[in-house]
> 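Can you keep this structure in mind? I'll have questions shortly.
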2 protein chains.
Amino acid sequence: MENLTALFKEKNLKLTPQRYAIYKYLKSTKSHPSAEMIYEALKPDFPTMSLATVYKTVNTLIELGLVQELNVGEDNFRFDANVENHPHIVCTKCGRVDDIEDAVFEHLNKEVENYTSYKVSTHKLYFYGVCPKCQKELQ
Amino acid sequence: MENLTALFKEKNLKLTPQRYAIYKYLKSTKSHPSAEMIYEALKPDFPTMSLATVYKTVNTLIELGLVQELNVGEDNFRFDANVENHPHIVCTKCGRVDDIEDAVFEHLNKEVENYTSYKVSTHKLYFYGVCPKCQKELQ
DNA sequence: ATACCTGCAAAGGTTTTGCACATAC
DNA sequence: GTATGTGCAAAACCTTTGCAGGTAT
């Protein structure tokens with residue numbers, strides 16, 4: 001987080017309050033918010049901030065390698081400040097999106113190369129199921 | 001394919017020429033076309049068909065379980081009439097999307113349950129790399 | 001001081017919807 | 001004959017862009 005100042009300076013980017021707040025919010029949450037959700041979450045503290053600024057900022061953060069983009073099958077993108085390659089899981093009842101922590105599937109890239117002629121470099125893995133809370137409510 | 005008539009009848013849906021052509025086209029191709037690509041591909045034979053009909057039809061086909069939707073990280077969806085759960089691979093150079101055939105990763109669902117409290121039912125796996133043709137062109 | 005950034009509004013792209021006409025059954 | 005589907009245009013989304021004014025450095 002302290003490296004932010006240095007990184008932004010290096011790229012001749014300005015570390016504005018909006019950019020700082022958006023990154024801090026993404027770092028603080030595991031909810032994988034969409035642009036709209038970020039915008040709503042920061043509205044109390046940044047009532048004049050526009051949705052366009054959210055979009056511009058997340059794109060800047062992606063270019064800097066500080067944030068990654070997800071698409072779990074919705075009509076919009078979600079964002080994650082955990083840039084380690086990790087799988088996600090989506091609740092098919094309530095729609096929440098969680099990280100699958102400590103599960104590393106990097107070896108799948110090599111496995112896939114046995115089935116294709118592609119040189120495989122990365123992957124995005126999305127699992128779908130019912131979260132603990134929704135399991136309880138279904139009983 | 002012959003079951004189409006029966007399935008549509010059962011659901012009180014009409015098997016129109018447009019619907020038949022869209023499904024046949026999706027069955028015939030491995031290119032994972034978007035709605036726009038389907039629309040363009042069928043334009044020679046169905047010059048009066050509208051893009052709205054393509055969207056309505058693919059949604060009908062999805063509800064029938066005849067087609068699945070993909071999002072490889074583009075701003076639109078692609079469609080696949082191979083409804084077996086299979087991984088996809090995207091060329092990061094040319095954007096083509098291929099099936100990864102014969103690679104079954106159903107066991108990952110159970111593996112993931114060791115890392116979460118979700119009941120896992122399905123998954124979508126997207127791999128990214130460079131396709132054979134683009135590998136040659138890079139040399 | 002100045003290059004970069006924000007906020008607004010407009011535009012662009014994808015997908016959905018409403019409705020009159022058409023058509024599969 | 002009638003319920004369902006098509007095609008068109010408009011609308012509803014999500015996201016990007018252009019630009020004038022603002023701000024971090």
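Predicted, not measured: the structure shown is a model, and the values here were computed from it. Labels below follow one simple rule: chain letters A, B, ... track the order of the sequence lines, proteins then strands, and each chain is numbered from 1.
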> Whole Å only: how far is the CD1 atom of A:Ile38 from the P atom of C:dT6?
14 Å
> To the nearest Å, give me how far apart CG (B:Leu13) and C1' (D:dT6) are.
14 Å
> Between atom CD in A:Glu63 and atom C1' in C:dC5, what is the gap in whole Å?
14 Å
> Just by protein heavy atoms under 4.0 Å, how would nucleotides 13-21 of chain D read 5' to 3' in B, S and -?
-SBBBB---
> Any chance the side chains of B:Thr60 and B:Thr57 put a donor and an acceptor closer than 3.5 Å?
no
> Please report the distance, rounded to the nearest Å, between CE in B:Met37 and P in C:dG13.
17 Å
> Measure CZ/A:Phe8 against C1'/C:dA3 and give the value in whole Å, please.
16 Å
> Would you call A:Asn85 and A:Leu125 a side-chain contact if the rule is heavy atoms closer than 4.5 Å?
no
> With B:Phe79 as reference, evaluate B:Ile22, B:Ile38, B:Leu70, B:Leu61 under the side-chain contact (heavy atoms from CB on, under 4.5 Å) test and give the passing residue.
B:Ile38
> In the structure I gave you, are the side-chain heavy atoms of B:Leu4 and B:Tyr23 within less than 4.5 Å of one another anywhere?
yes
> Mind calculating the distance between CG (B:Leu42) and P (D:dT6) to the nearest angstrom?
13 Å
> Tell me whether B:Lys14 forms a cation-pi arrangement with B:Phe8, defined as NZ or CZ under 6.0 Å from the six-membered ring centre and within 45 degrees of its axis.
no
> When you measure from the side-chain N and O atoms of A:Ser50 to the phosphate of C:dC8, is any distance below 4.0 Å, counting only OP1 and OP2?
no
> Rounded to whole Å, how long is the line connecting atom CZ of B:Phe46 with atom C1' of D:dC8?
18 Å
> Applying side chain to side chain donor-acceptor pair (under 3.5 Å), name anything that partners B:Thr16, two or more places apart in sequence or on another chain.
none
> Restricting to nitrogen or oxygen on both sides, can you table the protein-nucleotides 20-24 of chain C pairs closer than 3.5 Å?
from   : atom 1 : to      : atom 2 : distance (Å)
C:dA24 : N3     : B:Lys14 : NZ     : 3.1

> Do B:Asp98 and B:His32 have a side chain donor and acceptor closer than 3.5 Å?
no
> Decide, yes or no, whether a salt bridge links B:Lys110 with B:Glu113 under the criterion of side-chain N to carboxylate O below 4.0 Å.
no
> Atom CE of B:Met49 to atom P of D:dG7: distance rounded to whole Å?
7 Å
